[in-house]
Amino acid sequence: LWGGEAAMIDDLAARLSRNAIPVRAAIAGSPGAAWALAHFGPDRAIAPPGTEKAWLSPLPPAALRLSGEDAAQIARLGLRSIGALIALPRAAFGRRFGPEVMRRLDQALGGAGEALAYRRPPSPWFARLAFAEPISVPEDLARVTGDIAALLCQRLAAAGRGGRRFELAFHRLDGLAERRVIGLALPGRDASAVARLFFPLLETVDPGFGVEVVTLEAREVEAVGSRQQHFSSPFGGGGPRSCGGGRNPPASGLQPPTPALPVLPPEGGEMMELAPFVDRLVNRLGETVVWRDEAFPSHAPERAARRRRPLAPTASRGWEPERPRPLRLFRRPEPIEVVAPVPDDPPVLFHWRGKARRVRRAEGPERLAQEWWRRPFETADPAAARDYYQVEDETGARFWLFRAGLYDAPEPPKWWLHGLFG
């Protein structure tokens, strides 16, 4: 991506320098060697794997990340370089300095593995509850879920912010953590709504020998106002149509579990907030199942729409009014037989699904060529262009047809039906 390791390290150093952050960097085949070279070696040194011994030998023993006591003992013995430590017999080395110094030396030379603990910036939207006695009863887990949600959401409300995702973790006595995540369609800070979304997931939590700490973290935190969204009409009389989706078939023939919370609102047509309703669907069915379509600025029909979060703000202008698109676009265009004057006149008659349809009105063509920016310009084929027509038959039905290819091309053009208007 950068043209080599040297260019990559120069790019990183330049980014930090522009932010007034002094830096010394190095690249090596082991974390210990990279740390030693970055602190005690030449700046921006690059040690290929297998050359750690040659690069580290002239460095002082402090480059091995030793404790103060071990470093002082090595200095009293007059050992001034890592090369002098390497030259000592290994058995005598271990007896004199102990296993920790040997481990650090082996890690730097690449002879021992090392688990890296990456530093993560602390999240300001984090809450923690610790208990004097471990808890394990489902009722207790539900109660502390509501308590910690109220604690964190109170801080979010004071700052005028809301979170889109919340991660709840039950830390057990054996050191393991049971984590559950829920997502919101809109940034929210309603503690009761967050807790209700977690309640069905608590049935799968294994407390082990007990839970001693519970944590809750809010992610994708954004500033939110006091605006509320509701359904515009009661259930049963037509509802919003912006939430699309479907259920994927379960794997291995297993049926999905019955939801613990009802999806539909109470009888009587009571109003229900839109965002909580969508949240319950998303967290029960999955983020990839509940979505809405949004127009995407692409002249290619297959890419003129994309999936978005159900309540995400509209980011595009939509389709151009001068170029209407059908409400129903087929997943795959269907072949048709057409009678049409050449070279560019619209059809006068076409056969689709065994029925002949005579064209009464037509508009077009609208030519859509290949997207040259997706492939080398030299490989663009003019014969692959599509000429689209909007046609209306004698019954008033409107269709979106296109001709693939040109009449003067080596291969004859083909006609397809791509969508229906209305």
More than 12 foreign heavy atoms under 6.0 Å from [atom1] of [X]: is that the case here?
| X | atom1 | value |
| --- | --- | --- |
| Q154 | CD | no |
| E69 | CD | no |
| R332 | CZ | no |

What side-chain donor-acceptor pairs closer than 3.5 Å can you find for residues 207-214, not counting sequence neighbours?
none

Run the salt-bridge test on [X] and [Y] with the 4.0 Å N-O cut-off and return the result as yes or no.
| X | Y | result |
| --- | --- | --- |
| R172 | D206 | yes |
| D106 | R103 | no |
| E394 | R357 | no |
| E167 | R180 | no |
| R398 | E363 | no |
| R143 | E139 | no |

Stepwise side-chain contact (heavy atoms from CB on, under 4.5 Å) check, L66 with R104: CA-CA 7 Å; L66 302 177; R104 287 299 191 184; 4.0 Å; yes
Would a distance-only check, ignoring hydrogens and angles, find a side-chain to backbone donor-acceptor pair under 3.5 Å from [X] to [Y]?
| X | Y | answer |
| --- | --- | --- |
| N19 | I21 | no |
| R164 | G188 | no |
| R189 | R161 | yes |
| E52 | G50 | yes |
| D43 | A25 | yes |
| S57 | A54 | no |
| R76 | A71 | no |

Residue pair [X] / [Y], side-chain heavy-atom distance below 4.5 Å:
| X | Y | answer |
| --- | --- | --- |
| L116 | P31 | yes |
| L184 | R165 | no |
| F166 | L197 | no |
| I82 | F40 | no |
| E5 | I9 | no |
| I74 | F97 | yes |
| H418 | R386 | yes |
| I46 | L37 | no |

Chi angles and distances behind the salt bridge (Lys or Arg N to Asp or Glu O under 4.0 Å) call for E392, R360: CA-CA 6 Å; E392 180 180 323; R360 183 172 60 179; 2.5 Å; yes
What closest approach, in Å, do [X] and [Y] show between heavy atoms, and which atom pair accounts for it?
| X | Y | value |
| --- | --- | --- |
| A108 | A33 | O-CB, 3.4 Å |
| G162 | V224 | N-CG2, 3.8 Å |
| L151 | L129 | CD2-CD2, 4.3 Å |
| V194 | C153 | CG2-SG, 4.3 Å |
| W55 | A45 | CZ3-CB, 3.7 Å |
| E217 | F126 | CB-CD1, 3.9 Å |

side-chain contact (heavy atoms from CB on, under 4.5 Å) partner of L401, the single match among D387, V359, V391: V391
R403/R367 under side-chain contact (heavy atoms from CB on, under 4.5 Å): CA gap, chis, key distance, verdict: CA-CA 9 Å; R403 185 189 66 241; R367 177 159 293 180; 4.1 Å; yes
Just how far is it from atom [atom1] of [X] to atom [atom2] of [Y], taken to the nearest 0.5 Å?
| X | Y | atom1 | atom2 | answer |
| --- | --- | --- | --- | --- |
| E222 | L186 | CD | CG | 9.5 Å |
| L168 | L202 | CG | CG | 7.0 Å |
| M102 | L64 | CE | CG | 12.5 Å |
| L16 | D11 | CG | CG | 9.5 Å |
| I27 | L12 | CD1 | CG | 9.0 Å |
| L152 | W125 | CG | CH2 | 8.5 Å |

Stepwise side-chain contact (heavy atoms from CB on, under 4.5 Å) test for L88 and L79: CA-CA 10 Å; L88 294 176; L79 301 174; 3.9 Å; yes
CA sep, side-chain torsions, deciding dist, call: F170, L141, side-chain contact (heavy atoms from CB on, under 4.5 Å): CA-CA 9 Å; F170 296 94; L141 299 181; 3.8 Å; yes
Ring-ring centroid check Y388 W400, cutoff 6.0 Å: yes
Mutual orientation of the aromatic rings belonging to W416 and F402 [parallel < 30°, tilted 30-60°, perpendicular > 60°]: parallel
For F350, the option from F399, W415, Y389 that meets ring pair (Phe, Tyr, Trp, His ring centres under 6.0 Å):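 With F350 as partner, F399, W415, Y389 yield a single ring pair (Phe, Tyr, Trp, His ring centres under 6.0 Å), made by F399.
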Full working for salt bridge (Lys or Arg N to Asp or Glu O under 4.0 Å) between K414 and E337: CA-CA 8 Å; K414 297 181 180 180; E337 297 179 2; over 6 Å; no
